[in-house]
Structures are given as C-alpha cells and as structure tokens.
2 protein chains.
Amino acid sequence: MAEALTGEAILAATEEVLRRYGPAKATVVDVAKALGVSHGSVYRHFPTKAALREAVTRRWLDAIHEDMESVFDLDLTAAETLRAWLQKLFDRKRRSHVDEPELFATFRVLVSESKNIPEYHVGYLVGQVARIISAGVETQEFVTDDVPTAAQAVWDATEKFHHPAHAQEWGNPHIQDAFDAVVSLVVDGLRYNRIPSAAGDA
Amino acid sequence: MAEALTGEAILAATEEVLRRYGPAKATVVDVAKALGVSHGSVYRHFPTKAALREAVTRRWLDAIHEDMESVFDLDLTAAETLRAWLQKLFDRKRRSHVDEPELFATFRVLVSESKNIPEYHVGYLVGQVARIISAGVETQEFVTDDVPTAAQAVWDATEKFHHPAHAQEWGNPHIQDAFDAVVSLVVDGLRYNRIPSAAGDA
DNA sequence: GGACTGACAGATTTCAATATCTGTCAGTCC
DNA sequence: GGACTGACAGATATTGAAATCTGTCAGTCC
C-alpha cells in the first residue's frame with residue numbers, strides 16, 4: 001500500500017463518484033473501487049453512507065461561504081454591499097445551475113437529505129446579511145430595531161433567487177429584472193425611516 | 001339512462017376520484033366507473049386525460065380567485081389592503097396544506113402538470129396586487145413609477161408564503177412572524193419616498 | 001496491534017413479465 | 001341519428017424474483 005487512506009482522500013473520491021454517477025447511483029462500493037480499497041475500509045472513516053455524503057456537502061457549501069466573504073472587502077455603502085452580496089449569491093447559484101445542471105441537481109439532493117445542512121447553510125448566510133444590515137444601521141443608512149429579524153426577512157424576500165426549488169426559473173431571460181425589482185423593494189424597505197407623516201396625506 | 005352525461009358531472013366525479021385516489025392513481029376508468037358509464041363516454045366531453053385534469057384544476061383555482069376579491073370590499077388603506085390580501089392568501093393556502101395535506105398535494109401536482117395553469121393563476125393574482133398598489137399610488141401612500149413591476153416584485157418577495165414548494169415550512173410555529181417581517185419590509189419599500197437626502201448622511 | 005479485507009444478513013434496487021390504462025372507432029341502442 | 005359502448009393497439013404501471021448495496025465483524029497481513 002503506497003499511502004494511508006485518509007478521510008480527505010475518501011471525500012475527494014466521493015465527490016468524483018457523485019459527479020460521475022449522480023446522487024441516486026453513487027454507492028459506497030463505487031467510492032471504494034475508485035480508491036482501490038474494500039468498502040469496509042471506507043466505514044473505518046465514516047460511520048454511514050449518510051455521514052459521508054453530509055461531509056462532502058459541507059465541504060462544498062463551505063467554499064460558497066468563504067467566497068461570499070469577499071464582498072465585505074469592497075468598501076461600499078451598506079445598500080451597495082447588500083445588493084452586491086445578493087447579486088453575487090444569485091450569480092453563483094444561477095451559473096452553477098445553468099452551466100452544470102446535473103452537478104447542481106446532485107448537490108441539491110445532497111443538501112435536502114439532512115435537516116442540519118440547510119440550517120447550517122442558511123444560518124451562515126443570514127448571519128452575513130445581518131452583518132451588512134448592522135453596518136447600515138451604524139451609518140444610519142438603514143432603520144430597524146431588530147437586525148436578526150430584518151436579516152431573516154431579507155433572506156425570505158429573496159428566496160426566489162437563492163432557493164433551489166426556484167432554480168428552473170433562473171434560466172428565464174427576464175430573471176435579472178425581477179431580481180433588481182425585488183432587491184430595490186427590499187433595500188427601500190430597510191431605508192424607510194418611518195416618519196409618521198411621511199405617508200397618508202397629500 | 002336517467003340523465004344526460006354533462007361536462008359538469010364529469011368534472012365533479014373527477015374531483016371526487018382525485019380526492020379519493022390521489023393524482024398518481026386516479027384513472028379515466030375510475031371516473032367512468034363513478035359515473036356508471038364507459039370510459040369512452042368521458043372522451044366525448046374531454047379530448048384527453050390531461051384536458052380533464054386541467055379543467056378540474058382551473059375550477060379549483062377560480063374559487064380561490066373569487067374568494068380573494070372579497071378583500072377589496074373592506075375599505076382599508078392601500079397598505080392595510082395589501083397586508084390583508086397577502087394574509088388571506090397565505091391563510092388559505094396554509095390551512096389547505098395543514099388541514100388536508102393530501103388534497104393540497106393533489107392539486108399541487110395538478111397545477112404543475114401544465115405551464116398554462118400556473119401562468120393563469122399567478123397572472124390573475126399579480127393583477128390583483130397591481131390594483132392594490134395602483135390605488136395606493138393614487139392616494140400617495142405608495143411611490144412607484146412602474147406598477148406592474150412593483151406588483152411582480154411584491155409577489156416574488158412573498159413567494160415563501162404562497163409558492164407550494166415552500167409548503168413544508170408553513171407548519172413552522174414561527175412562520176407568521178416571518179410573514180409579518182417580510183410584509184412589513186415590502187410595504188415599507190413601497191412607501192419609501194426616495195428623498196435624495198433621506199439616507200447616507202447623519 | 002492497528003489498518004485493512006471479504007464474506008455475510010438484511011435492506012434496497014433492478015428488471016422483465018404481466019396487468020392496467022389511454023385514446024380510437026366501428027358498431028349498438030333508443 | 002346522436003349518445004353511448006366495448007374491443008382493441010400501443011403506452012404506462014405494477015409486481016415479484018434476482019441482483020446489488022449497506023453496514024458488521026471475525027480474520028489477515030504487515
């Protein structure tokens with residue numbers, strides 16, 4: 001045996017097998033075959049097939065999370081940061097879906113297999129939105145007395161542009177216009193400064 | 001033969017068969033059996049099984065459309081009307097999903113079988129939103145230079161609370177809080193009056 | 001002695017034969 | 001003669017036997 005079998009090597013092989021066969025056909029035996037070991041060996045590193053799939057999925061999501069951080073280096077206003085952040089997330093997911101639909105579908109299935117994974121993913125991203133809104137409150141660009149709720153509301157209001165259930169609509173040629181309209185509405189909502197006389201009378 | 005076989009009788013029988021067996025198991029033969037006729041007779045009134053299912057689905061959606069109109073009789077401000085309208089739609093869909101999950105799932109499948117049906121349904125409802133926003137612009141409660149786009153944006157931003165893909169989240173005990181937060185954000189966004197100096201400087 | 005193997009039991013999936021369904025139409029019945 | 005029937009061809013769905021997969025563990029090998 002040339003090298004010891006590591007968890008990382010198993011994860012890389014598993015990702016490759018998932019790419020090649022898809023989530024329905026990929027088996028632990030396939031992974032072991034790709035590594036030239038018996039499938040029993042894979043079970044020394046991951047207790048179940050589900051745990052192995054979950055580990056691969058977390059690795060994939062972590063790459064997205066890290067990539068999204070780069071928006072914070074751009075030195076924009078809070079409104080601009082929020083728009084750029086949402087656009088970057090949308091672009092990344094849309095491109096993945098349009099360019100590699102099978103791979104996107106594969107990870108979509110993997111993410112939906114556990115309740116922990118979407119919670120982990122959404123929790124991380126809503127936390128980033130909260131950071132952006134918090135900065136906007138600081139500069140008086142945004143008004144809210146409950147940043148976590150506002151962050152969740154922004155996330156929920158933009159569901160159409162990040163939730164994989166809506167991926168089929170991302171190929172629509174006018175989807176970017178719909179995205180711009182929703183983001184403008186949401187950003188205006190965060191800006192709204194609730195002066196009692198601001199509405200209702202001419 | 002007691003009475004002539006009518007399209008309406010076939011639709012009623014089809015709905016009953018769909019309730020009993022679900023969309024996967026309901027057959028044209030079942031419908032004919034329920035009516036005490038041969039399945040060939042059903043084909044004298046509807047050209048295909050798909051057309052029959054579509055007619056049943058349209059009938060069901062039309063009842064929702066008509067019911068939603070009642071919000072316009074309430075004599076509220078535009079913001080209140082919009083909130084009441086969205087709440088009513090959400091309540092109706094949520095109750096249907098929570099109280100009769102199988103029936104909801106049945107119609108969910110039926111709606112997704114044709115591209116025309118969701119278009120018809122969404123088109124009608126976004127038209128109602130546009131009427132509400134238009135009234136709000138009239139009274140200067142809302143500000144927008146493009147009512148149809150704003151109406152579509154309101155629809156898209158509230159997708160989580162009416163799109164059946166999110167139905168599983170409607171049982172969550174905090175879903176009403178999430179709804180309130182999104183609707184507040186959206187209504188504030190429509191109110192935002194874009195005074196250039198309103199944001200950005202202390 | 002610790003990483004790895006491979007045979008095994010029970011669970012799951014595949015596949016092909018069988019049954020049912022959709023849509024048609026020539027013929028029946030009032 | 002027009003509404004309805006029922007037998008039919010091709011398409012689709014069901015079923016159960018056979019194959020494969022998951023997870024375990026006693027045994028092998030360095």
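First the proteins, then the strands, lettered A, B, ... as listed; each starts at 1.
Evaluation of the ring pair (Phe, Tyr, Trp, His ring centres under 6.0 Å) rule for A:H39 yields no partner, not counting sequence neighbours. Residues that satisfy the side chain to side chain contact (heavy atoms under 4.5 Å, CB included) test with A:D91, not counting sequence neighbours, are A:Q87, A:R94, A:R95. The ring pair (Phe, Tyr, Trp, His ring centres under 6.0 Å) check on A:Y124 picks up A:H65, with sequence neighbours excluded. Residues meeting the side chain to side chain contact (heavy atoms under 4.5 Å, CB included) test with A:L74, sequence neighbours left out: A:L76. Under the rule for a ring pair (Phe, Tyr, Trp, His ring centres under 6.0 Å), the partners of A:F161 that lie at least two apart in sequence or sit in another chain are A:F90, A:F179. Scanning for salt bridge (Lys or Arg N to Asp or Glu O under 4.0 Å) contacts around B:K33 gives an empty result, with sequence neighbours left out. With sequence neighbours excluded, the residues satisfying side chain to side chain contact (heavy atoms under 4.5 Å, CB included) with B:S134 are B:V147. Under the salt bridge (Lys or Arg N to Asp or Glu O under 4.0 Å) criterion, B:E15 pairs with B:R19, B:R59, not counting sequence neighbours.
Near DNA chain D, meaning a heavy atom under 4.0 Å from it, residues 13-32 of chain A has A:T27, A:V28, A:V29 in order of number. Residues of residues 43-56 of chain A having a heavy atom closer than 4.0 Å to DNA chain C, listed by number: A:R44, A:H45.
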Base-pair map of DNA chain D as dot-bracket, where | denotes pairing with a different strand and pairs are Watson-Crick or G-U under 3.5 Å: ||||||||||||||||||||||||||||||
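Pairs passing the side chain to side chain donor-acceptor pair (under 3.5 Å) check and including a residue from residues 104-119 of chain A, sequence neighbours excluded, read A:R53-A:E113.
Electrostatic pairing of B:K25 and B:D30 does not count as a salt bridge here, judged by no charged N lying under 4.0 Å from a carboxylate O.
For A:H39 and C:dA9, the NE2 to P distance is 14 Å, given to the nearest whole Å.
Proximity of A:S38 to the phosphate of C:dT5: a side-chain N or O atom is located under 4.0 Å from OP1 or OP2.
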